[in-house]
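Throughout, a chain's letter reflects where its sequence line sits, starting with A, and its residues are numbered from 1.
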Protein chains: 2
Amino acid sequence: MADINSPVEIGVTTGPIRGSRKVYVGARTGSGIRVAMREIDLEGGEPSVRVYDTSGPYTDPEALIDINAGLAPLRRDWIMARGDVEAYDGREIKPEDNGQLGPDRSGGVPQFPNAVKRPLRAKAGMNVSQMHYARQGIITPEMEYVAERENLGREIAADMVRDGQSWGAQIPTIITPEFVRDEIARGRAIIPNNINHPESEPMAIGRNFLVKINANIGNSAVASNVASEVDKMVWATRWGADTIMDLSTGRNIHDTREWIIRNSAVPVGTVPIYQALEKVGGVAEELTWEIFRDTLIEQAEQGVDYFTIHAGVRLAYVPMAAKRVTGIVSRGGSIMAKWCLAHHKESFLYEHFDEITEIMKAYDIAYSLGDGLRPGSIADANDEAQFSELYTLGELTHRAWAQDVQVMIEGPGHVPMHKIKENMEKQLQVCGEAPFYTLGPLVTDIAPGYDHITSGIGAAQIGWYGTAMLCYVTPKEHLGLPDRDDVKVGVITYKLAAHAADLAKGHPASQVRDDALSKARFEFRWRDQFNLSLDPETAEQYHDQTLPAEGAKSAHFCSMCGPKFCSMQISQEVRDFAAKQNSSPESFLASEKLGADTAEASRQAAIKGMEEMSAKYREIGSQLYVGAGDREHD
Amino acid sequence: MADINSPVEIGVTTGPIRGSRKVYVGARTGSGIRVAMREIDLEGGEPSVRVYDTSGPYTDPEALIDINAGLAPLRRDWIMARGDVEAYDGREIKPEDNGQLGPDRSGGVPQFPNAVKRPLRAKAGMNVSQMHYARQGIITPEMEYVAERENLGREIAADMVRDGQSWGAQIPTIITPEFVRDEIARGRAIIPNNINHPESEPMAIGRNFLVKINANIGNSAVASNVASEVDKMVWATRWGADTIMDLSTGRNIHDTREWIIRNSAVPVGTVPIYQALEKVGGVAEELTWEIFRDTLIEQAEQGVDYFTIHAGVRLAYVPMAAKRVTGIVSRGGSIMAKWCLAHHKESFLYEHFDEITEIMKAYDIAYSLGDGLRPGSIADANDEAQFSELYTLGELTHRAWAQDVQVMIEGPGHVPMHKIKENMEKQLQVCGEAPFYTLGPLVTDIAPGYDHITSGIGAAQIGWYGTAMLCYVTPKEHLGLPDRDDVKVGVITYKLAAHAADLAKGHPASQVRDDALSKARFEFRWRDQFNLSLDPETAEQYHDQTLPAEGAKSAHFCSMCGPKFCSMQISQEVRDFAAKQNSSPESFLASEKLGADTAEASRQAAIKGMEEMSAKYREIGSQLYVGAGDREHD
């Protein structure tokens, strides 16, 4: 990517993902809403497969991409049509918003050329949150968009036998706009979409929808620049990030965020306390409610769709973290803990929570209630500090809902597998089924460099149990800032974890893509196999490392076994042989009865064998098996 | 690695893994047995951490490594001392053993210079299996070695509170040689160690021991050479492979295997039917029991420690696979299916099973009963074909045990998360708790190029449920042959999955390394963090990409947050602050009572809020929540 000298040099990746094309599907309600999807065409007369598409206009060859202008405001008309918002003169940008005491922008980030000067907010006394509309029985275009988007493939799959273990999730066969409205009204799902970010395509986060993933990007004080962050945002959404969080710290936070939001087709989240801290020179004790509030307004006007607010880190919980192996690992959590201790006062976020909610509802910003006391190591998982904070997040959820403001709850972190389920169960119980949004969790601490995997294992599990959105972890976690390649690996890893969770929960159409890919694999349609995969480029590249010839892509073998020795091919021969030997495949299959009888006889023999051994074991046990008394632990 | 022109040019990686050194721990029985371990020394007076070591003499700077001579025969004296074996003139090597019709070795593999001409076997009427000794109440040196090896760190951890959910596994606090004997006698664990592979260090595979991993290597007909396979073997065990399987096909199978076994400090498994098929020119129908039997003897004399035998693919089950999405994906399974159909006869492996067992017990080769009908796609998971075969494997387990031959059972494959547990439960039930040895399973089909991860997710789960050994999957799975880098990524991924399973099962000392690493992380001991990780090289390299200066390795910050903004540092400050504010840390911690009360109040408020909302919801429900009737699926 180009270094940034002038804005026009910001480069991003555009064009379709190989083997697929952008399609727009009209909502079945006939409202004229068109939902973007990605269609993968297959060879040999196989039906094409449509997949969920988070990439925005960047993969549409028809779309005009101008990073200096930003994306078209897809939702602007919907927002204006409701008649409950007003444009006003926005807060003036101050040098300290970019971490600068003077107007100097040297070494910094150019201002976004097309920044909005007159943002929108709710008219006095109005509430523009999707939850508010939902609770009034109103189905918004955003809800309709989400319904269409989530229905992907469900018509094809309608005849399939529903499978899966949903742990109490209630996933309908077809998603109706009314279902979306109901889930939003109950607080079981959110559509994060600030009225000042009309460029975003509506998406839902909730246990009864597809599991979503978030990708973190952002400058830090020691590295990164705006060009690479905008590039990473486009790159992350190309591969499937459903939302992104801009976690920038250091200088130029305001301008970096403006570039990102104006060009993002997915919701953008932030942690406002990071910027507030920069405004007080990094000294946590000097934070005030006024500075924080001002930062919320600043970001609200820019269009941030959800705020991480660490209002659950209460003064009384701080001592609980002091005896941990890794203390407080959340940046926001540690800032608030330090503030609370320094002033020996209750957190100003907790104290002013209802005022924060007032701001949220004027822009339709969703809460992402931060888990400032999440465990940072296996040793600290599920401890008192963590769950105490969770209970407070439950209390705050209901306080936010009292004002019809959308809420999701952030979760850990580092948790061994046997303690993951308790996290989900407690969260559902105390947070009234508000969507859970977890970071991993990492299931062991011993693999830095591979924490996308240690966390992917935990993410797939907690996603299955009911977590609505999984925050990705890249291979660089704990070690450094992710680059472009790390972002992609993180996104793909979480995409596959989320998909594995969808399969296990029994989402109606989730297996369509697995089946299409497996069929392509069995039939040696190599290109289809690549194109149906989450990362066609890597799949093809790996294949080509051993068999680079173009002909190998239609060859009925691969490099693992070679031409003579392919089980897939033999399996085909078995099928053909069977078809020839029998008048019809049906009569061949009818011989399964014989197989079932054989299997049952084997099963009986095995159980009899076990019983005999068990008896023999008991008989000679008193002689031989004496010293084994320490096997008491179960 | 050097290409092979002459044997002396085979290069392998030697020397300690950075930050650690080889130690030999004497068995506490005082028998003189010395068990190899790896010790990681830490900074700042922290106690060093010992970890399980599969790397063999290659990481010992004192050891003389000569690939042309092979490793020293560690177990030779133990084997001879039992007085139940005899040396004899081994079977003569034929050209077809290397896939050659004439004596020409062109383009092939040089013969191993130090090949054993007079292998060992049991004297007539004797049984040299560890299970046989165990059932007679004999504790062998192999069992003693295993006990010491598995006890790693358990003294340190003896005071730790036991944690974990073991799903019926019975893991003792301290492993005694008697416990090992008992587990072997019951068939709940195996020690695979052919008397003709005395170079191997004994290790146990069983549900009550640490979870193990296997790495597959081997030539295929289109790629690889012996130098790179020997290198991969050493490389895989360096990073933690507990066993390796040589899955070579094509030419030079015999010689390749000899190079590998003579230089392997871990047990080596094979699938003999692969070589038998080469001997009949790749035509499955031409396989005979005689050719197969001869291949077993050939490999037994070389020292293969476990054989995958697909004796569960019975004629009657073949039709069950014909209607699958991906048919039969096991190479061995498809060969046997084709043979059965072509002859319309029962599998010769099933028919001659007890004769195979006779051979196994004369060399102490363990069965790895192959799952030839494992599912190759999500669609085929847990189907009738798969479980029918499993029942037959259960029957065969008891038949092998009747002759005191060690057995483990191979498992799938491709299984969505919600169907994994059923695999483990059925296996335990019908196979009498014989160790389960699974390939992954992959929890989705849609991520070729990332199947180390899709399968690592399933592997961690099934390992937690009770699988004793996890067969690795590399990023190249389904696409090509793994190279050196792929092997490492596969091994590390499976090592972390196995460790996550150990943690979740509650292995007594498994958390020691996590805690040491997390403490190092919290205290900014970067070098310790790298050295304690599964892959120190990658961890350091990732760190250095952002902060390459040597000083950054003692810096109290990292590139993610920069110097001003580190939560770990703030957390330390919170601790220091707390210590200063209170007369003692104890009185500070005593204020937790306040925290607990606050949390309880929050929890009550949350539950009250939920009840109120629920009531409100019921009240207005009849008006608004009508169209949601399709939410019937759970």
Note: A:L594 and B:A316 closest approach over all heavy atoms is CG-CB, 3.8 Å

When the 4.5 angstrom heavy-atom criterion is applied to B:I607 and chain A, the contacting part is side chain

A:T598 meets the side chain to side chain donor-acceptor pair (under 3.5 Å) criterion, sequence neighbours left out, with none

d(A:D380 CG, B:F522 CZ) to nearest 0.5 Å is 9.0 Å

Is B:D445 paired with A:R521 through a side-chain N to carboxylate O contact shorter than 4.0 Å?
no

Going through the distances and angles, do B:Y450 and A:H452 end up as a side-chain contact (heavy atoms from CB on, under 4.5 Å)?
CA-CA 12 Å; B:Y450 299 79; A:H452 59 307; over 6 Å; no

Applying a strict 4.5 Å limit to non-hydrogen atoms, the region of A:I328 in contact with chain B is both

dist B:T454:OG1 -> A:L534:CG (nearest 0.5 Å) comes out at 10.0 Å

Rounded to the nearest 0.5 Å, the CG atom of B:D515 sits from the OG atom of A:S377 at a distance of 7.0 Å

- Item | 4.5 Å side-chain heavy-atom contact, B:L479 and A:Q545 | no

Looking only at B:K608, B:K519, B:R513, the option with the highest number of non-hydrogen pairs under 4.5 Å against chain A is B:R513

Under 4.5 Å to a heavy atom of chain A? For B:K419 that would be side chain

Heavy-atom nearest pair, A:G595 first then B:M320, reads C-CE, 3.3 Å

The interface call for B:I492 against chain A, heavy-atom contacts under 4.5 Å, is side chain

Taken to the nearest 0.5 Å, the spacing of A:I446 CD1 from B:L503 CG works out to 7.5 Å

Max heavy-atom pairs within cutoff under 4.5 Å with chain A, candidates B:E600, B:Q165, B:H418, B:H414, goes to B:H418

Whatever's closer than 4.5 Å to a heavy atom in chain B on A:Q461 counts as both

Residue from B:A539, B:G449, B:G432 scoring the most non-hydrogen pairs under 4.5 Å with chain A is B:A539

inquiry  = Less than 4.5 Å apart, side chain to side chain, heavy atoms only: is that true for B:L517 and A:P448?
reply    = yes

In short, B:A504 meets A:M417 closest at the heavy-atom pair CB-CB, 3.8 Å

Assert top hit (heavy-atom pairs under 4.5 Å, partner chain B, pool A:L393, A:I457, A:T397) equals A:I457

Whatever's closer than 4.5 Å to a heavy atom in chain B on A:Q511 counts as side chain

When the 4.5 angstrom heavy-atom criterion is applied to A:R314 and chain B, the contacting part is side chain

Ranked by heavy-atom pairs below 4.5 Å to chain A, first place among B:G394, B:S518, B:S388 goes to B:S518

Whatever's closer than 4.5 Å to a heavy atom in chain B on A:P508 counts as neither

* Asked: Is A:E612 close to B:H398 at the side-chain level, that is, under 4.5 Å between some pair of heavy atoms?
  -> no

The interface call for A:D483 against chain B, heavy-atom contacts under 4.5 Å, is side chain

Residues passing the ring-ring contact (aromatic ring centres under 6.0 Å, His included) test with B:F530, sequence neighbours excluded, are B:H543

Output for pair (B:M610 CE, A:Q429 CD), nearest 0.5 Å, gives 6.0 Å

Value for CG (A:L481) from OH (B:Y542), rounded to nearest 0.5 Å, stands at 14.5 Å

Assert top hit (heavy-atom pairs under 4.5 Å, partner chain B, pool A:P475, A:G376, A:A337, A:A605) equals A:P475

Heavy-atom nearest pair, B:Y391 first then A:A606, reads O-CB, 4.2 Å

Honestly, the part of A:S330 sitting under 4.5 Å from a heavy atom of chain B is backbone

Looking only at B:L532, B:T538, B:D535, the option with the highest number of non-hydrogen pairs under 4.5 Å against chain A is B:D535

Honestly, the part of B:Q541 sitting under 4.5 Å from a heavy atom of chain A is neither

